[in-house]
A.B. asks: 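First the structure, then my questions, so here it is.
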Protein chains: 2
Amino acid sequence: MGKGEATRERILEIAEAAVLAKGFGATSIDEVIAEASLTKSGFFYHFRDKNALAREMLRRYVETNDRLFDDIFDRGRQLSDDPLQAFLISLKLLAEIMADLPSGHPGCLIASICYQERLFDREVREMTARSVQDWNARFLGVFEGIAAVYPPREPVDLHDLADAMSCIVDGAIIMSKTLNDPRRLERQILLFRSFVKLMFSPNQSPAA
Amino acid sequence: MGKGEATRERILEIAEAAVLAKGFGATSIDEVIAEASLTKSGFFYHFRDKNALAREMLRRYVETNDRLFDDIFDRGRQLSDDPLQAFLISLKLLAEIMADLPSGHPGCLIASICYQERLFDREVREMTARSVQDWNARFLGVFEGIAAVYPPREPVDLHDLADAMSCIVDGAIIMSKTLNDPRRLERQILLFRSFVKLMFSPNQSPAA
DNA sequence: AGGAAAACCGTACCGCGAGTACAGTTTCGG
DNA sequence: CCGAAACTGTACTCGCGGTACGGTTTTCCT
(Lines give C-alpha, C1' and ligand atoms only; values in the text may rest on other atoms or scores of the structure.)
Protein backbone atom coordinates (compact mmCIF):
# COMPACT_ATOMS: atom_id res chain seq x y z
CA MET A 1 0.00 0.00 0.00
CA GLY A 2 1.46 3.33 -1.10
CA LYS A 3 1.52 6.33 1.15
CA GLY A 4 -1.32 8.02 -0.68
CA GLU A 5 -3.56 5.04 -0.29
CA ALA A 6 -2.85 4.92 3.44
CA THR A 7 -3.89 8.56 3.75
CA ARG A 8 -7.08 7.87 1.84
CA GLU A 9 -7.92 5.02 4.18
CA ARG A 10 -7.24 7.24 7.18
CA ILE A 11 -9.53 9.94 5.85
CA LEU A 12 -12.27 7.44 5.06
CA GLU A 13 -12.09 5.87 8.50
CA ILE A 14 -12.30 9.20 10.30
CA ALA A 15 -15.03 10.48 8.00
CA GLU A 16 -17.13 7.36 8.44
CA ALA A 17 -17.12 7.66 12.21
CA ALA A 18 -18.01 11.34 11.98
CA VAL A 19 -20.78 10.80 9.45
CA LEU A 20 -22.37 8.03 11.49
CA ALA A 21 -22.31 10.24 14.56
CA LYS A 22 -23.43 13.54 13.10
CA GLY A 23 -24.69 12.96 9.62
CA PHE A 24 -23.05 13.78 6.35
CA GLY A 25 -24.26 17.35 6.09
CA ALA A 26 -22.93 18.21 9.52
CA THR A 27 -19.55 16.57 9.08
CA SER A 28 -17.09 19.31 8.27
CA ILE A 29 -14.07 18.68 6.13
CA ASP A 30 -12.06 20.92 8.42
CA GLU A 31 -12.71 18.62 11.32
CA VAL A 32 -11.86 15.49 9.36
CA ILE A 33 -8.57 16.87 8.12
CA ALA A 34 -7.68 18.13 11.59
CA GLU A 35 -8.06 14.62 12.97
CA ALA A 36 -6.17 13.19 10.02
CA SER A 37 -3.34 15.75 10.40
CA LEU A 38 -3.78 16.94 6.88
CA THR A 39 -4.41 20.19 5.10
CA LYS A 40 -7.42 21.12 3.07
CA SER A 41 -5.37 20.95 -0.10
CA GLY A 42 -4.30 17.47 0.87
CA PHE A 43 -7.88 16.41 1.26
CA PHE A 44 -8.96 17.76 -2.10
CA TYR A 45 -5.99 16.07 -3.68
CA HIS A 46 -7.61 12.74 -2.78
CA PHE A 47 -11.29 13.60 -3.16
CA ARG A 48 -12.55 16.13 -5.65
CA ASP A 49 -15.54 16.98 -3.42
CA LYS A 50 -17.69 15.72 -0.59
CA ASN A 51 -19.71 13.47 -2.87
CA ALA A 52 -16.59 11.66 -3.98
CA LEU A 53 -15.84 11.09 -0.33
CA ALA A 54 -19.32 9.69 0.16
CA ARG A 55 -18.90 7.33 -2.78
CA GLU A 56 -15.67 5.92 -1.46
CA MET A 57 -17.01 5.63 2.06
CA LEU A 58 -19.97 3.70 0.79
CA ARG A 59 -17.89 1.45 -1.42
CA ARG A 60 -15.66 0.65 1.53
CA TYR A 61 -18.58 0.03 3.85
CA VAL A 62 -20.39 -2.30 1.47
CA GLU A 63 -17.22 -4.23 0.77
CA THR A 64 -16.53 -4.73 4.47
CA ASN A 65 -20.05 -5.94 5.11
CA ASP A 66 -20.03 -8.26 2.14
CA ARG A 67 -16.86 -9.88 3.42
CA LEU A 68 -18.37 -10.23 6.87
CA PHE A 69 -21.47 -11.95 5.52
CA ASP A 70 -19.36 -14.18 3.32
CA ASP A 71 -17.35 -15.27 6.33
CA ILE A 72 -20.31 -15.86 8.58
CA PHE A 73 -22.34 -17.86 6.11
CA ASP A 74 -19.35 -19.85 4.95
CA ARG A 75 -18.64 -20.84 8.52
CA GLY A 76 -22.27 -21.80 9.02
CA ARG A 77 -22.13 -24.09 6.01
CA GLN A 78 -18.87 -25.55 7.20
CA LEU A 79 -20.37 -26.44 10.55
CA SER A 80 -23.54 -28.06 9.25
CA ASP A 81 -24.70 -29.60 6.00
CA ASP A 82 -28.30 -28.90 6.87
CA PRO A 83 -29.27 -25.52 5.37
CA LEU A 84 -31.49 -24.59 8.30
CA GLN A 85 -28.90 -25.49 10.90
CA ALA A 86 -26.20 -23.72 8.94
CA PHE A 87 -28.28 -20.55 8.84
CA LEU A 88 -29.11 -20.74 12.54
CA ILE A 89 -25.43 -21.11 13.31
CA SER A 90 -24.60 -18.14 11.12
CA LEU A 91 -27.18 -15.99 12.83
CA LYS A 92 -25.73 -16.92 16.19
CA LEU A 93 -22.29 -15.95 14.96
CA LEU A 94 -23.64 -12.66 13.67
CA ALA A 95 -25.29 -11.97 17.03
CA GLU A 96 -22.03 -12.71 18.81
CA ILE A 97 -20.03 -10.44 16.57
CA MET A 98 -22.50 -7.63 17.08
CA ALA A 99 -22.42 -8.18 20.84
CA ASP A 100 -18.64 -8.07 20.89
CA LEU A 101 -18.37 -4.63 19.32
CA PRO A 102 -16.68 -2.62 22.07
CA SER A 103 -19.04 0.36 22.16
CA GLY A 104 -21.92 -0.99 20.15
CA HIS A 105 -22.50 -0.94 16.43
CA PRO A 106 -21.34 2.41 15.06
CA GLY A 107 -24.31 2.59 12.69
CA CYS A 108 -25.32 1.59 9.21
CA LEU A 109 -24.00 3.91 6.55
CA ILE A 110 -26.85 3.06 4.22
CA ALA A 111 -29.40 4.07 6.82
CA SER A 112 -27.47 7.25 7.42
CA ILE A 113 -27.45 8.07 3.73
CA CYS A 114 -31.12 7.13 3.46
CA TYR A 115 -32.01 9.90 5.85
CA GLN A 116 -29.99 12.44 3.92
CA GLU A 117 -30.72 11.34 0.40
CA ARG A 118 -30.98 14.76 -1.15
CA LEU A 119 -27.40 15.47 -0.21
CA PHE A 120 -26.02 12.83 -2.52
CA ASP A 121 -25.87 12.40 -6.25
CA ARG A 122 -27.64 9.68 -8.18
CA GLU A 123 -24.63 7.42 -8.21
CA VAL A 124 -24.44 7.23 -4.43
CA ARG A 125 -28.15 6.56 -4.10
CA GLU A 126 -27.95 3.84 -6.72
CA MET A 127 -25.08 2.25 -4.84
CA THR A 128 -27.13 2.09 -1.64
CA ALA A 129 -30.10 0.58 -3.46
CA ARG A 130 -27.90 -1.93 -5.22
CA SER A 131 -26.15 -3.12 -2.08
CA VAL A 132 -29.43 -3.55 -0.24
CA GLN A 133 -30.77 -5.58 -3.14
CA ASP A 134 -27.62 -7.68 -3.16
CA TRP A 135 -28.03 -8.48 0.51
CA ASN A 136 -31.68 -9.30 0.02
CA ALA A 137 -30.79 -11.61 -2.86
CA ARG A 138 -28.16 -13.32 -0.74
CA PHE A 139 -30.62 -14.04 2.05
CA LEU A 140 -33.28 -15.07 -0.41
CA GLY A 141 -30.93 -17.76 -1.70
CA VAL A 142 -30.39 -19.00 1.82
CA PHE A 143 -34.10 -19.18 2.59
CA GLU A 144 -34.86 -20.90 -0.68
CA GLY A 145 -32.32 -23.53 0.28
CA ILE A 146 -34.00 -23.97 3.63
CA ALA A 147 -37.55 -24.01 2.27
CA ALA A 148 -36.59 -26.70 -0.24
CA VAL A 149 -35.90 -29.03 2.68
CA TYR A 150 -38.30 -27.75 5.31
CA PRO A 151 -41.68 -26.51 4.10
CA PRO A 152 -42.65 -23.41 6.07
CA ARG A 153 -45.39 -23.80 8.66
CA GLU A 154 -47.16 -20.63 7.67
CA PRO A 155 -47.45 -19.44 4.11
CA VAL A 156 -44.63 -16.94 3.81
CA ASP A 157 -43.08 -15.04 0.93
CA LEU A 158 -39.39 -15.83 1.04
CA HIS A 159 -38.60 -12.42 -0.44
CA ASP A 160 -40.17 -10.76 2.56
CA LEU A 161 -38.30 -13.04 4.90
CA ALA A 162 -35.06 -12.18 3.17
CA ASP A 163 -35.84 -8.47 3.42
CA ALA A 164 -36.59 -8.87 7.10
CA MET A 165 -33.00 -9.68 7.83
CA SER A 166 -31.69 -6.26 6.82
CA CYS A 167 -34.74 -4.49 8.22
CA ILE A 168 -34.28 -5.98 11.66
CA VAL A 169 -30.56 -5.30 11.79
CA ASP A 170 -31.01 -1.71 10.64
CA GLY A 171 -33.91 -1.12 13.00
CA ALA A 172 -32.12 -2.71 15.92
CA ILE A 173 -29.03 -0.60 15.32
CA ILE A 174 -31.18 2.49 15.58
CA MET A 175 -32.77 1.28 18.79
CA SER A 176 -29.40 0.33 20.27
CA LYS A 177 -28.00 3.73 19.47
CA THR A 178 -31.05 5.66 20.61
CA LEU A 179 -31.32 3.83 23.93
CA ASN A 180 -27.56 3.55 24.27
CA ASP A 181 -27.94 -0.18 24.87
CA PRO A 182 -25.78 -2.23 22.48
CA ARG A 183 -27.33 -5.51 23.58
CA ARG A 184 -30.62 -4.85 21.83
CA LEU A 185 -29.05 -5.53 18.48
CA GLU A 186 -27.84 -8.94 19.57
CA ARG A 187 -31.21 -9.77 21.06
CA GLN A 188 -33.15 -8.79 17.95
CA ILE A 189 -30.94 -10.97 15.81
CA LEU A 190 -31.54 -13.87 18.14
CA LEU A 191 -35.27 -13.20 18.12
CA PHE A 192 -35.26 -13.35 14.34
CA ARG A 193 -33.37 -16.60 14.71
CA SER A 194 -36.19 -17.97 16.86
CA PHE A 195 -38.64 -16.91 14.22
CA VAL A 196 -36.79 -18.70 11.45
CA LYS A 197 -36.42 -21.76 13.63
CA LEU A 198 -40.11 -21.77 14.43
CA MET A 199 -41.10 -21.13 10.85
CA PHE A 200 -39.11 -23.97 9.33
CA SER A 201 -38.92 -26.50 12.12
CA PRO A 202 -40.79 -29.73 11.45
CA ASN A 203 -44.27 -29.55 12.92
CA GLN A 204 -44.39 -31.41 16.19
CA SER A 205 -45.63 -31.02 19.74
CA PRO A 206 -43.06 -29.64 22.17
CA ALA A 207 -41.48 -32.19 24.48
CA ALA A 208 -43.20 -32.03 27.84
CA MET B 1 -55.66 28.38 17.05
CA GLY B 2 -54.06 31.84 16.94
CA LYS B 3 -52.21 33.04 13.90
CA GLY B 4 -48.83 32.58 15.52
CA GLU B 5 -49.58 28.98 16.30
CA ALA B 6 -50.61 28.35 12.71
CA THR B 7 -47.30 29.74 11.51
CA ARG B 8 -45.43 27.53 13.95
CA GLU B 9 -47.26 24.50 12.62
CA ARG B 10 -46.46 25.50 9.07
CA ILE B 11 -42.79 25.87 9.88
CA LEU B 12 -42.71 22.54 11.68
CA GLU B 13 -44.38 20.73 8.85
CA ILE B 14 -42.03 22.10 6.22
CA ALA B 15 -39.00 21.55 8.42
CA GLU B 16 -39.97 17.96 9.14
CA ALA B 17 -40.22 17.09 5.47
CA ALA B 18 -36.88 18.75 4.78
CA VAL B 19 -35.13 17.10 7.72
CA LEU B 20 -36.39 13.66 6.74
CA ALA B 21 -35.17 14.19 3.21
CA LYS B 22 -31.80 15.81 3.83
CA GLY B 23 -30.97 15.49 7.46
CA PHE B 24 -31.04 18.14 10.12
CA GLY B 25 -27.57 19.51 9.54
CA ALA B 26 -28.23 20.05 5.87
CA THR B 27 -31.63 21.65 6.29
CA SER B 28 -31.16 25.38 5.98
CA ILE B 29 -33.36 27.81 7.79
CA ASP B 30 -33.33 30.02 4.72
CA GLU B 31 -34.94 27.31 2.67
CA VAL B 32 -37.56 26.56 5.30
CA ILE B 33 -38.60 30.18 5.65
CA ALA B 34 -38.67 30.61 1.88
CA GLU B 35 -41.18 27.79 1.59
CA ALA B 36 -43.14 29.13 4.53
CA SER B 37 -43.19 32.66 3.06
CA LEU B 38 -41.58 34.06 6.15
CA THR B 39 -38.55 36.13 6.98
CA LYS B 40 -35.63 35.09 9.09
CA SER B 41 -36.76 37.41 11.83
CA GLY B 42 -40.14 35.76 11.76
CA PHE B 43 -38.55 32.37 12.18
CA PHE B 44 -36.44 33.38 15.15
CA TYR B 45 -39.45 34.97 16.74
CA HIS B 46 -40.93 31.48 17.02
CA PHE B 47 -37.79 29.42 17.64
CA ARG B 48 -34.79 30.74 19.49
CA ASP B 49 -32.45 28.43 17.53
CA LYS B 50 -32.30 25.27 15.48
CA ASN B 51 -32.34 23.03 18.53
CA ALA B 52 -35.61 24.55 19.69
CA LEU B 53 -36.98 23.71 16.26
CA ALA B 54 -35.77 20.14 16.66
CA ARG B 55 -37.42 19.83 20.06
CA GLU B 56 -40.77 20.99 18.77
CA MET B 57 -40.54 18.83 15.68
CA LEU B 58 -39.84 15.81 17.81
CA ARG B 59 -42.63 16.61 20.28
CA ARG B 60 -45.04 16.93 17.40
CA TYR B 61 -43.87 13.74 15.74
CA VAL B 62 -44.10 11.65 18.90
CA GLU B 63 -47.53 13.03 19.70
CA THR B 64 -48.83 12.19 16.23
CA ASN B 65 -47.48 8.66 16.42
CA ASP B 66 -48.85 8.11 19.89
CA ARG B 67 -52.29 9.11 18.72
CA LEU B 68 -51.99 6.81 15.72
CA PHE B 69 -51.07 3.84 17.90
CA ASP B 70 -53.82 4.67 20.35
CA ASP B 71 -56.34 4.66 17.53
CA ILE B 72 -55.13 1.47 15.95
CA PHE B 73 -54.95 -0.56 19.12
CA ASP B 74 -58.25 0.78 20.39
CA ARG B 75 -59.91 -0.30 17.18
CA GLY B 76 -58.30 -3.71 17.44
CA ARG B 77 -59.69 -4.15 20.93
CA GLN B 78 -63.09 -2.97 19.78
CA LEU B 79 -63.19 -5.57 17.04
CA SER B 80 -62.16 -8.54 19.15
CA ASP B 81 -62.10 -9.41 22.83
CA ASP B 82 -59.34 -11.90 22.28
CA PRO B 83 -55.99 -10.14 22.88
CA LEU B 84 -54.21 -12.06 20.12
CA GLN B 85 -56.92 -11.42 17.56
CA ALA B 86 -57.12 -7.78 18.58
CA PHE B 87 -53.39 -7.36 18.04
CA LEU B 88 -53.46 -9.14 14.69
CA ILE B 89 -56.27 -6.85 13.57
CA SER B 90 -54.33 -3.80 14.73
CA LEU B 91 -51.24 -4.90 12.82
CA LYS B 92 -53.33 -5.33 9.71
CA LEU B 93 -54.72 -1.84 10.17
CA LEU B 94 -51.22 -0.48 10.63
CA ALA B 95 -50.05 -2.21 7.47
CA GLU B 96 -52.98 -0.76 5.54
CA ILE B 97 -52.33 2.74 6.78
CA MET B 98 -48.67 2.47 5.82
CA ALA B 99 -49.62 1.14 2.39
CA ASP B 100 -52.03 4.00 1.83
CA LEU B 101 -49.45 6.73 2.32
CA PRO B 102 -49.43 8.43 -1.09
CA SER B 103 -45.69 8.48 -1.69
CA GLY B 104 -44.52 6.09 0.97
CA HIS B 105 -43.63 6.72 4.58
CA PRO B 106 -41.71 10.00 4.78
CA GLY B 107 -39.33 8.59 7.37
CA CYS B 108 -38.96 8.19 11.10
CA LEU B 109 -37.77 11.34 12.80
CA ILE B 110 -36.22 9.36 15.62
CA ALA B 111 -34.12 7.35 13.20
CA SER B 112 -33.12 10.56 11.47
CA ILE B 113 -32.05 12.12 14.77
CA CYS B 114 -30.29 8.90 15.76
CA TYR B 115 -27.96 9.26 12.82
CA GLN B 116 -27.16 12.86 13.68
CA GLU B 117 -27.05 12.63 17.43
CA ARG B 118 -24.15 14.97 17.99
CA LEU B 119 -26.11 17.79 16.41
CA PHE B 120 -28.68 17.86 19.18
CA ASP B 121 -28.62 18.77 22.84
CA ARG B 122 -29.21 16.35 25.67
CA GLU B 123 -32.87 17.18 25.93
CA VAL B 124 -33.61 16.14 22.37
CA ARG B 125 -31.69 12.90 22.73
CA GLU B 126 -33.51 12.11 25.96
CA MET B 127 -36.82 12.74 24.24
CA THR B 128 -35.99 10.23 21.51
CA ALA B 129 -34.94 7.62 24.05
CA ARG B 130 -38.01 8.21 26.14
CA SER B 131 -40.44 7.90 23.26
CA VAL B 132 -38.85 4.68 22.07
CA GLN B 133 -39.09 3.28 25.57
CA ASP B 134 -42.73 4.33 25.77
CA TRP B 135 -43.52 2.51 22.55
CA ASN B 136 -41.67 -0.56 23.73
CA ALA B 137 -43.61 -0.49 26.99
CA ARG B 138 -46.85 -0.17 25.10
CA PHE B 139 -46.14 -3.22 22.98
CA LEU B 140 -44.84 -5.14 25.97
CA GLY B 141 -48.21 -4.65 27.63
CA VAL B 142 -49.95 -6.00 24.56
CA PHE B 143 -47.74 -9.08 24.37
CA GLU B 144 -48.11 -9.78 28.08
CA GLY B 145 -51.83 -9.75 27.57
CA ILE B 146 -51.50 -12.22 24.72
CA ALA B 147 -49.03 -14.49 26.50
CA ALA B 148 -51.33 -14.69 29.51
CA VAL B 149 -53.88 -16.42 27.31
CA TYR B 150 -51.69 -18.17 24.73
CA PRO B 151 -48.41 -19.59 25.98
CA PRO B 152 -45.71 -18.96 23.35
CA ARG B 153 -44.54 -21.97 21.36
CA GLU B 154 -40.90 -21.07 21.65
CA PRO B 155 -39.34 -19.56 24.74
CA VAL B 156 -39.31 -15.87 23.95
CA ASP B 157 -38.54 -12.74 25.94
CA LEU B 158 -41.58 -10.52 25.57
CA HIS B 159 -39.38 -7.46 25.93
CA ASP B 160 -37.49 -8.46 22.80
CA LEU B 161 -40.72 -9.12 20.98
CA ALA B 162 -42.00 -5.69 21.97
CA ASP B 163 -38.75 -4.08 20.79
CA ALA B 164 -39.03 -5.94 17.50
CA MET B 165 -42.10 -3.96 16.56
CA SER B 166 -40.28 -0.63 16.40
CA CYS B 167 -37.15 -2.21 14.95
CA ILE B 168 -39.00 -3.74 12.04
CA VAL B 169 -40.95 -0.60 11.25
CA ASP B 170 -37.85 1.57 11.39
CA GLY B 171 -35.81 -0.89 9.36
CA ALA B 172 -38.54 -1.35 6.79
CA ILE B 173 -38.94 2.40 6.38
CA ILE B 174 -35.26 2.62 5.55
CA MET B 175 -35.53 -0.19 3.02
CA SER B 176 -38.64 1.30 1.46
CA LYS B 177 -36.95 4.64 1.08
CA THR B 178 -33.66 3.23 -0.15
CA LEU B 179 -35.26 0.98 -2.75
CA ASN B 180 -37.99 3.52 -3.48
CA ASP B 181 -40.58 0.79 -2.97
CA PRO B 182 -43.22 1.80 -0.40
CA ARG B 183 -44.79 -1.66 -0.33
CA ARG B 184 -41.88 -3.20 1.58
CA LEU B 185 -42.98 -1.50 4.76
CA GLU B 186 -46.45 -2.97 4.52
CA ARG B 187 -45.05 -6.41 3.79
CA GLN B 188 -42.65 -6.37 6.70
CA ILE B 189 -45.44 -5.45 9.08
CA LEU B 190 -47.50 -8.32 7.75
CA LEU B 191 -44.54 -10.66 8.07
CA PHE B 192 -44.18 -9.70 11.71
CA ARG B 193 -47.88 -10.38 12.02
CA SER B 194 -47.31 -13.90 10.73
CA PHE B 195 -44.58 -14.34 13.26
CA VAL B 196 -46.76 -13.28 16.17
CA LYS B 197 -49.57 -15.47 14.88
CA LEU B 198 -47.26 -18.44 14.61
CA MET B 199 -45.66 -17.79 17.97
CA PHE B 200 -48.88 -17.60 19.96
CA SER B 201 -51.25 -19.78 17.98
CA PRO B 202 -52.33 -22.95 19.74
CA ASN B 203 -50.11 -25.85 18.71
CA GLN B 204 -51.85 -27.97 16.11
CA SER B 205 -51.21 -29.65 12.81
CA PRO B 206 -52.19 -27.62 9.77
CA ALA B 207 -55.37 -28.71 8.05
CA ALA B 208 -54.48 -30.86 5.09
C1' DA C 1 -62.94 52.25 18.73
C1' DG C 2 -58.56 52.09 20.79
C1' DG C 3 -54.53 50.39 22.65
C1' DA C 4 -51.36 46.97 23.94
C1' DA C 5 -49.37 42.85 22.89
C1' DA C 6 -48.35 39.48 19.40
C1' DA C 7 -46.60 38.58 15.07
C1' DC C 8 -44.04 39.77 12.10
C1' DC C 9 -40.44 42.70 8.42
C1' DG C 10 -35.76 44.84 6.92
C1' DT C 11 -31.23 45.43 7.30
C1' DA C 12 -26.86 45.01 8.63
C1' DC C 13 -23.62 42.29 10.58
C1' DC C 14 -20.33 38.16 12.41
C1' DG C 15 -18.10 33.69 12.00
C1' DC C 16 -17.74 29.20 10.08
C1' DG C 17 -17.47 25.74 6.64
C1' DA C 18 -17.48 24.04 1.56
C1' DG C 19 -15.12 24.61 -2.28
C1' DT C 20 -11.73 26.89 -5.83
C1' DA C 21 -7.30 28.34 -7.56
C1' DC C 22 -2.77 27.88 -7.92
C1' DA C 23 2.00 28.15 -6.88
C1' DG C 24 5.39 25.99 -4.13
C1' DT C 25 7.49 21.98 -1.47
C1' DT C 26 8.47 17.44 0.26
C1' DT C 27 8.63 12.45 -0.33
C1' DC C 28 8.86 8.21 -2.70
C1' DG C 29 9.91 4.79 -6.21
C1' DG C 30 12.29 3.24 -10.17
C1' DC D 1 18.76 11.36 -9.19
C1' DC D 2 14.81 12.55 -11.57
C1' DG D 3 10.09 12.74 -12.17
C1' DA D 4 5.79 11.87 -10.43
C1' DA D 5 3.00 11.51 -6.39
C1' DA D 6 1.69 13.48 -2.29
C1' DC D 7 1.20 16.92 -0.25
C1' DT D 8 1.54 22.43 1.98
C1' DG D 9 0.24 27.54 2.14
C1' DT D 10 -2.30 31.35 1.08
C1' DA D 11 -5.90 33.73 -0.42
C1' DC D 12 -10.29 34.04 -1.99
C1' DT D 13 -15.84 33.31 -2.77
C1' DC D 14 -20.21 32.06 -1.22
C1' DG D 15 -23.95 30.25 1.54
C1' DC D 16 -25.67 29.47 6.05
C1' DG D 17 -26.53 29.84 11.22
C1' DG D 18 -27.19 33.14 14.29
C1' DT D 19 -27.42 38.03 16.49
C1' DA D 20 -29.11 42.67 17.05
C1' DC D 21 -32.47 45.85 16.85
C1' DG D 22 -35.61 49.20 15.21
C1' DG D 23 -39.79 49.56 12.67
C1' DT D 24 -44.45 47.85 11.07
C1' DT D 25 -48.64 45.32 10.78
C1' DT D 26 -52.15 42.31 12.74
C1' DT D 27 -54.88 40.51 16.29
C1' DC D 28 -57.41 40.39 20.24
C1' DC D 29 -59.47 42.22 24.30
C1' DT D 30 -61.93 45.66 26.91
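We name chains A, B, ... by the order of the sequence lines, and we start the count at 1 in each one.
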A.B. asks: Rounded off to whole Å, could you give me the CZ-to-P distance for the B:F44 and C:dC8 pair?
C.D. replies: 15 Å

A.B. asks: Would you say the ring centers of B:F24 and A:Y115 fall short of 6.0 Å from each other?
C.D. replies: no

A.B. asks: Please give, in whole Å, the distance from C:dC8 C1' to B:R10 CZ?
C.D. replies: 11 Å

A.B. asks: For a quick test of reading the model: is some side-chain N or O of A:Y45 closer than 4.0 Å to OP1 or OP2 of D:dC7?
C.D. replies: no

A.B. asks: Please confirm whether the backbone N or O of B:I72 pairs with a side-chain atom of B:S90, one donor and one acceptor, at under 3.5 Å?
C.D. replies: yes

A.B. asks: Kindly indicate whether the side chain of B:V142, heavy atoms from C-beta on, has any atom under 4.5 Å from the side chain of B:I146.
C.D. replies: yes

A.B. asks: For D:dC7 and A:H46 - does any side-chain N or O of the residue sit under 4.0 Å from the phosphate oxygens OP1/OP2?
C.D. replies: yes

A.B. asks: Does NZ or CZ of B:R8 fall inside the cone over B:F47's six-membered ring, less than 6.0 Å from its centre and within 45° of the axis?
C.D. replies: yes

A.B. asks: Per the atom types in the model, does the base of D:dG18 pair as donor or acceptor with the side chain of B:K40 at under 3.5 Å?
C.D. replies: yes

A.B. asks: Give the rounded distance in Å between these two atoms: CD1 of A:I33 and P of D:dA6.
C.D. replies: 18 Å

A.B. asks: What nucleotide, of D:dT8, D:dA5, C:dG17, holds the atom closest to the side chain of A:D30?
C.D. replies: C:dG17

A.B. asks: Out of C:dA7, C:dG17, D:dG18, which has the shortest distance to the side chain of A:S28?
C.D. replies: C:dG17

A.B. asks: I need the CG-P distance between A:D49 and C:dA21, as an integer number of Å.
C.D. replies: 12 Å

A.B. asks: Find the distance A:F43:CZ to C:dG17:P and express it as a whole number of Å.
C.D. replies: 14 Å

A.B. asks: Under 6.0 Å between the ring centres of B:F143 and B:Y150?
C.D. replies: no

A.B. asks: Contact class for A:R48 (heavy atom, under 4.0 Å): base, sugar-phosphate, or nothing?
C.D. replies: sugar-phosphate

A.B. asks: In whole angstrom, what separates B:R8's CZ from C:dC8's P?
C.D. replies: 11 Å

A.B. asks: Is there a donor N/O on one and an acceptor N/O on the other, under 3.5 Å, for the side chain of B:K50 and the base of D:dG18?
C.D. replies: no

A.B. asks: How long is the line joining CG of B:L38 and P of D:dT25, in whole Å?
C.D. replies: 17 Å

A.B. asks: Looking at C:dG17, D:dG17, D:dA20, which one has an atom nearest to any side-chain atom of B:S41?
C.D. replies: D:dA20

A.B. asks: Starting at CD of A:E5 and ending at P of C:dG29, how long is that distance when rounded to a whole Å?
C.D. replies: 12 Å

